[in-house]
Amino acid sequence: MAKENNYNDLVSLKGPDQVRLRPGVIFGSDSVDGCRHSVFEIISNSIDEAREGYGKRIIITLHADKSITVEDFGRGIPIDFNKAEDKYNWELAFCTLYAGSKYNNNSGGNYSFALGLNGLGLCATQFSSEYMEVESRRGQWNYSLRFEKGFNVTPDERGFKKSRGDGSTGTKITWKPDLEVFTDIDIGADYLADILRRQAIVNDGVELVLKDEHEDGTFTEQIFCYENGIKDYLLEVVGDKSMTTPQYWTAERQGRDREDKDEYKLKMNVAFTFSKEVQFIEHYHNSSWLEHGGSPQKALQKAFLSQIDGYLKNGNKYNKGEKSIKWEDVEDCLVFISNNFSTQASYENQTKKAINNEFITEAMTEWLKHQLEVYFLENPDEAVKIGTQVLINKRSRENADKVRQSTLQKLTGSIDLTNRIDKFVDCRSNCRGRLGAGFRKARPGRGVSGGDSGARKDTELS
C-alpha cells in the first residue's frame, strides 16, 4: 500500500522559507553560481544609485571567512516608518519579496534605467544569509539593524537602532551566505573581479574597488574604472589589431513590444571595429552582462549580415553563382560591444543573462542597418576592407567544409561492414507480419568474394 501523503493539503511557503527552501527559483541554483548571483544583487543596487548620480565610488570587500561587505555612498536605504504601506521601510526592503522603489521607472520615477527592477534581490539575499548587518546613513540620521537566517534580531521594538548622523549618506551591508541554503559559498575574488570590471565598463566613470582579505588579515586591492566606458573597452580588447577605424554610435528610441503594451524608452550605445585577428562580441543591458544575448544579438546578426550582403551584391563582389555570406563569416572578423538601457526589460529570468524584448530587437535592427549604410557610403575604403575580409572568411570556410566532407567520404567510403571480414555477410530482416518471424541468419560460406550472385536462401531462426 502506498503511504498516505496528504495529497489534498497544499502548503504555502512563508517568510525566509520562500527563498531558503527554494533558492534556485530566485538565484538560478543552490550551488556557488546561485550564491554568486545573490552577491551581484546587492552590488547592482549600489550601481543603480551611482548611475542615478548618487556616489561614484563603491567598495566591495571579500572577507577571509567568506562574508562580503558592499559599501556605497548613495542616499542610504530608507529604514524608517512608511505611512503609505503601514510598515517600516526595512520590512519592505529586507523582508518582503516584490517590494522596492523601481516599479514606476517607466513613468518618470526613480531609476529610469535600473539593473534591479523586481524588488527581489535584496530581500532574497537577506533571506538566504547566515546573518546580515546593515548600516544606512541618511544625512541627519544613521540607522543600523541585524538579521539572522532571515529574521530581524535587532534589540529594538522598531527593528533598528537610530543615531545622529554627521551629514554623510550611503549604505553598508555585510553578510555571510548560508551553507544551509547554498552548497558552496566560496564565491572567489576572481569572480568578483570579473563582474566589477564588467560593471565599470558599462558605467562610465564609476569607481569600483575590490578588497580581498587574506587569512593573515592583509588585503589585496584592485580598482576598476573606465572613464569612457565601452569606447575604452573596445580599444583594450582589439589593441593594435584593428583593420578599420573604431566606431561609436548612440541613439534613443521609444516604442512598445505589443500594441496593447505601454511604451518605454530605449538608449542604445554600440562600439565596434573589424579585425583579421580578433573576434569578440559582448552585450550589456541596464548594466547586466547578457551572457546569452537575446534581443541585441538577434538585431546585430540581422543588421550586419543584411547590410554587408547587400553591399557585396550591389558591388558585384560575388563570383557568378556564388552563395551568399553567412553570419559566421561576419562574426569571424567583428569586434562588437553593445551597452543598452531601457525603462522596461524582459529578462529571461532573475539571473538576467538574456532579454527578449521585441521592440528592442526591431529598433536596434533598423538603427544598425541605417548606420551601417551611412558608414559604408562615407567610408568607401573601409567598406572595401570589410567586404573583402568577409568574403575571405566565407571562401575559407567553404574550402574547409569541402576538405572535411571529402576526407569524411574517403574514410567512411573505405569502410564496408560487409567486406571487412571474409565469410561475413550483411544481415537483413524479413518481417512476415507475425511476431518473431522477421529474424534471419545468412547461410555460412556465402561471402562477398564467393558463391553465386543470385538470390540468397536464408535459414529461419526458430
Side-chain angles (χ1 to χ4, degrees), residues 12-23 26-27 38-39 41-46 48-49 54-55 58-59 61 63 65 67-104 110-111 114 116-182 185:
S12 173
L13 294 178
K14 298 176 179 63
D17 282 349
Q18 295 174 89
V19 176
R20 294 180 69 83
L21 297 184
R22 294 293 184 271
I26 302 294
F27 303 124
S38 73
V39 176
E41 292 286 357
I42 306 300
I43 295 172
S44 66
N45 286 335
S46 295
D48 285 342
E49 272 290 275
Y54 301 100
I58 303 169
I59 304 170
T61 304
H63 300 284
D65 67 349
S67 62
I68 306 104
T69 297
V70 176
E71 181 177 12
D72 65 49
F73 301 90
R75 289 168 287 186
I77 293 177
I79 300 294
D80 227 328
F81 195 72
N82 185 324
K83 292 181 180 179
E85 294 287 339
D86 196 30
K87 284 184 176 182
Y88 285 101
N89 277 313
W90 67 259
E91 295 179 87
L92 297 169
F94 293 94
C95 299
T96 308
L97 295 173
Y98 297 103
S101 60
K102 304 174 184 179
Y103 291 117
N104 63 342
N110 290 325
Y111 304 102
L117 291 174
N118 299 326
L120 289 171
L122 180 58
C123 174
T125 302
Q126 191 281 110
F127 279 167
S128 64
S129 64
E130 182 180 322
Y131 69 86
M132 178 179 280
E133 294 178 343
V134 181
E135 298 176 21
S136 178
R137 303 184 302 278
R138 301 275 290 171
Q140 185 180 359
W141 297 101
N142 290 344
Y143 301 83
S144 63
L145 56 163
R146 179 181 172 92
F147 302 89
E148 292 179 4
K149 296 187 181 295
F151 295 99
N152 190 324
V153 296
T154 310
D156 189 290
E157 62 181 10
R158 299 171 300 181
F160 60 86
K161 291 182 179 180
K162 188 175 181 180
S163 61
R164 284 286 179 184
D166 59 3
S168 64
T169 60
T171 302
K172 184 178 181 180
I173 300 177
T174 299
W175 80 103
K176 186 174 183 180
D178 198 340
L179 274 170
E180 292 180 5
V181 177
F182 301 107
I185 63 170

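Small disclaimer: the values here were computed from a predicted structure and weren't measured.
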When every non-hydrogen atom of Cys123 is compared with those of Cys95, the smallest separation belongs to SG-C, 3.6 Å
Requested in this report: Report yes or no: does Ser38 contribute a side-chain atom to a donor-acceptor pair with the main-chain N or O of Thr125 at less than 3.5 Å?
Outcome: no
- Query: Taking the side chain as C-beta and beyond, is there a heavy-atom pair between Glu133 and Ser144 under 4.5 Å?
  - Reply: no
For residues Gln126 and Pro16, determine if any side-chain heavy atom of one lies less than 4.5 Å from a side-chain heavy atom of the other.
no
May I ask you to test the Pro78-Arg138 pair for a side-chain heavy-atom distance under 4.5 Å? yes
Interatomic distance, CD@Glu130 vs CD@Glu148, rounded to 0.5 Å, equals 8.5 Å
d(Phe127 CZ, Arg20 CZ) to nearest 0.5 Å is 10.0 Å
Residues pairing under salt bridge (Lys or Arg N to Asp or Glu O under 4.0 Å) where one sits in residues 76-92, two or more places apart or in two chains, turn out to be Asp80-Lys162
* Checking side chain to side chain contact (heavy atoms under 4.5 Å, CB included) for the pair Trp175/Ile68: CA distance, chi angles, key distance, verdict? -> CA-CA 6 Å; Trp175 80 103; Ile68 306 104; 3.9 Å; yes
Scanning both residues in full, the closest heavy-atom pair of Val19 with Ala124 reads CG1-O, 3.6 Å
* **Donor-acceptor under 3.5 Å (Arg75 side chain, Thr169 main chain)** => no
- Residue pair Lys176 / His63, side-chain heavy-atom distance below 4.5 Å: no
So CZ of Phe160 and OH of Tyr143: to nearest 0.5 Å the spacing works out to 6.0 Å
Output for pair (Asp17 CG, Ser12 OG), nearest 0.5 Å, gives 10.0 Å
Practice item. Please examine the side chains of Leu120 and Tyr98, heavy atoms only from C-beta on, and report whether any two atoms are closer than 4.5 Å. Key: yes
TODO: Please test Arg137 against Phe73 for side chain to side chain contact (heavy atoms under 4.5 Å, CB included), starting from the C-alpha separation and ending with a verdict.
DONE: CA-CA 9 Å; Arg137 303 184 302 278; Phe73 301 90; 3.7 Å; yes
request  = For the residue pair Phe182 and Phe27, categorise the inter-ring angle as parallel (less than 30°), tilted (30 to 60°) or perpendicular (more than 60°).
outcome  = tilted
Nearest heavy-atom contact between Val70 and Ser46 is CG1-OG, 3.6 Å
Looking only at heavy atoms, the pair that brings Gly159 and Leu145 closest together is O-CB, 3.4 Å
Phe151 meets the ring-ring contact (aromatic ring centres under 6.0 Å, His included) criterion, sequence neighbours left out, with none
Is it true that Thr154 and Asn152 share a donor-acceptor pair across their side chains at a distance under 3.5 Å?
yes
Original post:
Between Ser136 and Ile77, is there a donor-acceptor pair closer than 3.5 Å when you use the side chain of the first and the backbone of the second?
Top reply: yes
Side chain to side chain contact (heavy atoms under 4.5 Å, CB included) between Glu135 and Glu71, worked out
CA-CA 9 Å; Glu135 298 176 21; Glu71 181 177 12; over 6 Å; no
In this structure, CD1 of Ile79 is separated from CG of Leu92 (nearest 0.5 Å) by 10.5 Å
To the nearest 0.5 Å, atom CG of Asp48 lies from atom CD1 of Ile43 at 12.0 Å
- request: Return yes if some donor-acceptor pair links the side-chain N/O of Asp72 with the main-chain N/O of Thr171 below 3.5 Å, else return no.
  value: yes
Can you check side chain to side chain contact (heavy atoms under 4.5 Å, CB included) on Arg164 and Trp141, steps first, answer last?
CA-CA 5 Å; Arg164 284 286 179 184; Trp141 297 101; 3.5 Å; yes
Heavy atoms, side chains only, cut-off 4.5 Å: are Ile173 and Thr69 in contact? no
The ring-ring contact (aromatic ring centres under 6.0 Å, His included) partners of Phe94 (sequence neighbours excluded) come to Phe147
